Amino acid sequence: MDEQHTSRSSGRRTLRLMVKSRVQSRVVFVDLLDISEGGCRIKGGAGFARIGDRVTMKVAGVQAPLGRIVWVEDRIAGVAFEGEMHPAVLDHLCASILPDLQDDTPKSRRI
């Protein structure tokens, strides 16, 4: 499935974080490229996932909803969550993982 034709109900947030996940019953380390309330985009090794595979993952200590692989292109896959992540949880994740991107003030000038 072409990534541009995937419908989503909420905006993506970039994270760029390696997470330990399970694809089917295998433990897989993947790069979390972005996340939204309804899913995420991950990158793994060649052949790490197939359409329909079930995915679980923890992101910075937060258990993401159970997901399913909905598209795969080379080493990148789209995950649709069976539930949704609350927007406040996403705000917390993004603020705690990427604090320096939230504030462009040089560190030496922060109070």
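Atom set for the values below is all heavy atoms of this structure, side chains included, hydrogens, waters and symmetry mates excluded. Small disclaimer: the values here were computed from a predicted structure and weren't measured.
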Partners passing side-chain contact (heavy atoms from CB on, under 4.5 Å) against D31 (at least two apart in sequence or in another chain): M18, L33, K43
Nearest-0.5 Å distance, CG of residue L90 to OG of residue S36: 7.5 Å
Polar side-chain atom of R26 near backbone of F48 as donor-acceptor pair, under 3.5 Å: yes
Candidate pair M85 and I35, rule side chain to side chain contact (heavy atoms under 4.5 Å, CB included), full reasoning: CA-CA 9 Å; M85 290 191 82; I35 193 166; 3.6 Å; yes
Chi angles and distances behind the side chain to side chain contact (heavy atoms under 4.5 Å, CB included) call for C40, F81: CA-CA 8 Å; C40 62; F81 296 145; 4.1 Å; yes
Reference residue V30; test side-chain contact (heavy atoms from CB on, under 4.5 Å); the match among L17, I76, I42: I42
Check: R75 side chain, G44 main-chain N or O, donor-acceptor pair, under 3.5 Å: yes
R16 vs D34, salt bridge (Lys or Arg N to Asp or Glu O under 4.0 Å): CA-CA, chis, key distance, verdict: CA-CA 7 Å; R16 308 284 187 220; D34 58 42; over 6 Å; no
Donor-acceptor pairs under 3.5 Å, side chain of residues 52-70 to any protein atom, not counting sequence neighbours: which ones?
unit_1, atom_1, unit_2, atom_2, d
D53, OD2, R50, N, 2.8
R54, NH1, E82, OE2, 3.3
Q63, NE2, M57, O, 3.2
R68, NH1, G52, O, 2.7

From CA spacing to verdict: side chain to side chain contact (heavy atoms under 4.5 Å, CB included), K20, V28: CA-CA 6 Å; K20 182 178 180 181; V28 179; over 6 Å; no
